[in-house]
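Notes to accompany the following structure.
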Amino acid sequence: MDLKSDKLGMLRFFPLWPQLVVLTGVLVVLAAAAAGMGHVQVGFFDVLRIAGSAVSGISELAADIDPIARAAVIEVRLPRILVAALVGGALGVSGAVYQGILLNPLADPYTLGVSAGAAFGASVAILINVSMLGGFSVPLFAFAGAVATLMIVMYLASSAGGYSSSNLILSGIIVAAILSAGISFIKYMADERVSVIIFWLMGSLASKTWADAGLLAGVTALGTGVCLFFARDLNLMSLGTRTAASMGTSVQRLSPALLVCVSLMAAICVSVSGIIGFVGLLVPHLVRSVCGPDHGRLIPVSLLIGAILLLAADTVTRALLPSELPIGVLTALIGGPFFCWVFRRRQMGAMGHGF
Amino acid sequence: MGFDISEIFYSYGTRCAIDGVSLSLLPGRFYAVIGPNGSGKTTLMDLMCRHKSPDSGSIFLNSRALGHYSSRALARQVALVPQEYRVNFPYTAKEVVAMARYPHLPRFSAPTAEDMEVVRRAMAECKAENLADRFMTELSGGEKQRIVFARALAQQTPVLLLDEPCANLDIRHGLGLLESAAKRVRTQNITVAAVMHDINLALRYADDLILMDQGKIVSNGPVENTLKRGVLKQIFGVDARIRTDSAINAPQVTFVG
């Protein structure tokens with residue numbers, strides 16, 4: 001190795017599996033610790049016993065633990081913890097694939113307007129007070145808005161030669177700007193419901209259910225599986241479309257398909273949890289600077305790092321801060337300055353390999 | 001065997017880039033594609049590696065329609081050294097050359113020791129061993145071009161398409177790369193088709209010339225039959241003198257204006 005190989009990037013030469021095992025271990029420990037924190041304090045090992053008895057069905061395992069603590073852990077905290085980890089992981093994977101296809105360091109899961117579309121859909125649902133679908137009304141409207149926006153952006157960006165990166169980014173910006181004006185208009189019209197809209201836009205992982213967690217687990221597993229299947233094609237794409245084509249990857253067909261796949265993954269995240277920024281932008285950069293750009297590593301490590309970071313952030317706002325801060329605000333408050341720092345270091349040439 | 005191209009057309013919108021080209025490329029020959037800017041040379045390369053598909057006409061490779069190859073199977077037949085070789089992420093040079101083995105490997109298998117040996121030899125052939133652990137984002141234009149060439153060699157294909165392979169190289173490395181391509185033509189019976197602006201460099205190695213202008217093939221065949229003052233005047237609009245250089249035993253062209 002020569003001089004410029006920064007110490008940070010060394011993990012790229014170590015085997016992947018031990019890294020994944022360690023990160024999974026960290027995630028599990030963090031989840032168990034987080035499940036014990038809050039108004040009702042539960043010990044670390046009690047959490048493990050509660051979870052163990054719930055999984056195995058042996059009630060004696062946690063018989064001596066306060067039923068309120070048991071209910072808090074099983075019914076309230078674990079679903080929320082799972083949702084936080086899954087949303088973080090899905091956004092990390094989605095961001096990694098976005099950056100790999102669009103070859104733009106500023107690309108994130110919301111580049112194609114998925115968040116703006118979801119926000120618009122949710123705002124409409126809140127404005128007209130849809131309730132025919134019960135608690136699912138707002139998420140369903142958000143998802144519909146996200147998918148409609150994605151289709152419009154893809155349509156605008158398409159040309160005879162396929163989808164160019166700059167066309168996609170520009171279309172995303174234009175459509176998001178229009179939707180953002182639309183959201184402002186809805187807020188203006190919403191009178192007293194404006195606060196509901198504003199809270200939704202700031203994102204929240206509160207009061208998530210096992211159904212949410214199950215949905216996200218399925219979507220994240222499927223989406224990550226698809227992305228991993230095409231990890232090598234993503235590597236080839238970073239050599240340019242012409243080279244990738246000559247090496248067995250049809251960029252014109254694969255890149256829109258993968259973009260739609262990860263956008264849908266992000267759309268479901270946004271529908272469940274509201275807009276959580278910076279995770280999808282920051283995590284892939286962070287991982288790339290440590291593990292190298294190979295997507296076979298980048299995707300699984302981004303999944304785990306995204307999960308760990310968003311779970312940690314959510315635990316801070318839920319259990320450590322005196323009053324709960326919206327998670328989207330917290331990730332932006334931490335992620336924004338951190339991104340500035342990474343960006344500045346890159347300008348100084350100290351970490352030139354992350355991008 | 002080789003390429004059989006008949007009557008292909010390709011347009012960018014209304015501008016016709018390839019205008020009825022028919023061509024056969026045989027194994028064991030080095031073809032130099034020569035022509036002025038915008039004559040369709042790069043488009044022809046793109047059509048032969050299926051980055052683009054012709055609007056009409058047919059391209060056969062080893063008697064099989066190009067469109068019938070799977071992407072991976074085609075990548076085991078044809079390798080391309082493109083003009084642009086920007087690598088967008090900090091892969092090391094060796095990682096990039098190793099990607100050439102993807103078409104030969106099952107999707108989830110890591111490269112074997114044998115594959116890495118192919119990679120090592122390809123890099124050695126391009127005098128790029130010392131760049132192996134450097135980041136692509138830090139290499140100079142010429143260094144990157146050598147890596148991209150090594151990558152194409154490591155793909156181990158019977159057809160090698162070169163699009164301006166020496167544009168950024170100093171003379172020594174340029175000669176070295178063309179020499180290793182020419183050596184594979186002789187020893188491994190591969191087909192090389194190289195788009196080249198430097199006609200004299202092309203003449204050192206080419207068996208055949210394909211002279212193009214405005215999307216058409218003006219003249220095509222062994223160098224001795226095709227290298228004519230009249231044709232050069234016609235496509236480049238410049239007067240030329242042709243002589244044989246005894247030092248390299250190849251014809252050379254002097255443009256006199």
Side-chain angles (χ1 to χ4, degrees), chain A residues 1-6 9 12-13 15-16 96 99-105 159-162 165 228-254 284-285 288-289 291-298 346 349 351-355, chain B residues 11-13 42 45-46 48-53 69-92 95-96 98-105 107-110 130-138 147-148 151-152 154-155 157 159-161 163:
Chain A
M1 291 304 305
D2 87 303
L3 62 155
K4 282 278 193 93
S5 62
D6 50 320
R12 67 195 289 161
F13 301 111
L16 177 62
Q99 289 166 10
I101 292 177
L102 298 180
L103 302 176
N104 186 310
S159 65
S165 167
L228 272 177
F229 186 80
F230 292 111
R232 280 186 179 170
D233 301 272
L234 286 165
N235 288 348
L236 292 180
M237 282 185 202
S238 43
L239 306 182
T241 50
R242 183 173 271 130
T243 305
S246 76
M247 295 174 78
T249 292
S250 169
V251 180
Q252 280 121 322
R253 263 182 305 179
L254 191 58
H285 282 312
R288 210 178 283 116
S289 70
C291 296
D294 177 1
H295 287 83
R297 288 165 171 261
L298 182 61
R346 183 177 80 121
M351 217 165 90
H353 319 307
F355 291 82
Chain B
S11 308
Y12 297 98
T42 296
M45 295 285 129
D46 282 347
M48 291 200 320
C49 72
R50 214 176 64 183
H51 179 54
K52 296 186 167 77
S53 300
Y69 284 86
S70 75
S71 307
R72 280 163 55 88
L74 190 60
R76 289 191 293 265
Q77 296 294 326
V78 182
L80 171 74
V81 176
Q83 265 177 44
E84 88 273 3
Y85 39 82
R86 205 180 117 98
V87 172
N88 294 281
F89 289 112
Y91 292 100
T92 65
E95 283 171 334
V96 168
M99 285 184 203
R101 303 307 297 166
Y102 286 174
H104 297 271
L105 289 166
R107 193 171 276 278
F108 294 108
S109 312
N130 58 329
L131 305 177
D133 291 324
R134 295 268 302 278
F135 291 104
M136 287 300 278
T137 41
E138 291 176 343
I147 297 304
V148 169
R151 196 214 69 222
Q155 217 169 320
T157 53
V159 179
L160 192 54
L161 304 177
D163 194 356

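Just so it is clear, the structure is predicted and the values come from calculations on it, not from any experiment. Chain identifiers are assigned alphabetically (A, B, ...) following the order of the sequence lines, protein sequences preceding nucleic acid strands; residue numbering begins at 1 within each chain.
Of the listed residues (A:R232, A:M237, A:R242), the greatest number of heavy-atom pairs within a distance under 4.5 Å of chain B belongs to A:R232. The greatest number of non-hydrogen atom pairs below 4.5 Å with chain A, out of B:A152, B:P82, B:S70, B:A73, is found for B:P82. Comparing B:K52, B:M45, B:E95, B:R86 by how many heavy-atom pairs each has under 4.5 Å with chain A, the most go to B:E95. Contacts with chain A were tallied for B:H51, B:R107, B:M99, B:R50; B:R107 has the most, counting heavy-atom pairs under 4.5 Å.
With respect to A:D233 and B:R72, no salt bridge is recorded, no charged nitrogen being found less than 4.0 Å from a carboxylate O.
Of the atoms belonging to B:D46, it is side-chain heavy atoms, and not backbone ones, that fall under 4.5 Å from chain A. Neither the backbone nor the side chain of B:L74 comes within contact range of chain A, judged by heavy atoms closer than 4.5 Å. For chain A, no part of B:A98 is nearby; none of its heavy atoms comes within less than 4.5 Å. Interface residue B:L105: backbone and side-chain heavy atoms are both found under 4.5 Å from chain A. Heavy atoms of B:V78 lying under 4.5 Å from chain A belong exclusively to its backbone. Contact annotation for B:R151: only side-chain heavy atoms (C-beta onward) come within less than 4.5 Å of a heavy atom of chain A.
Under the side chain to side chain donor-acceptor pair (under 3.5 Å) criterion, B:T157 pairs with no residue, sequence neighbours left out. Checked against side chain to side chain donor-acceptor pair (under 3.5 Å), B:Q155 has no partners two or more places apart in sequence or in another chain.
The minimum heavy-atom distance linking A:P293 with B:Y91 is given by the pair O-OH, 3.3 Å. The two residues B:Q83 and B:T42 have their closest heavy-atom pair at NE2-OG1, 3.1 Å.
Put simply, the side chain of B:R101 gets close to the backbone of B:A154: a donor and an acceptor are under 3.5 Å apart. Listed for the A:D294 side chain is no donor-acceptor partner under 3.5 Å among the backbone atoms of A:N235.
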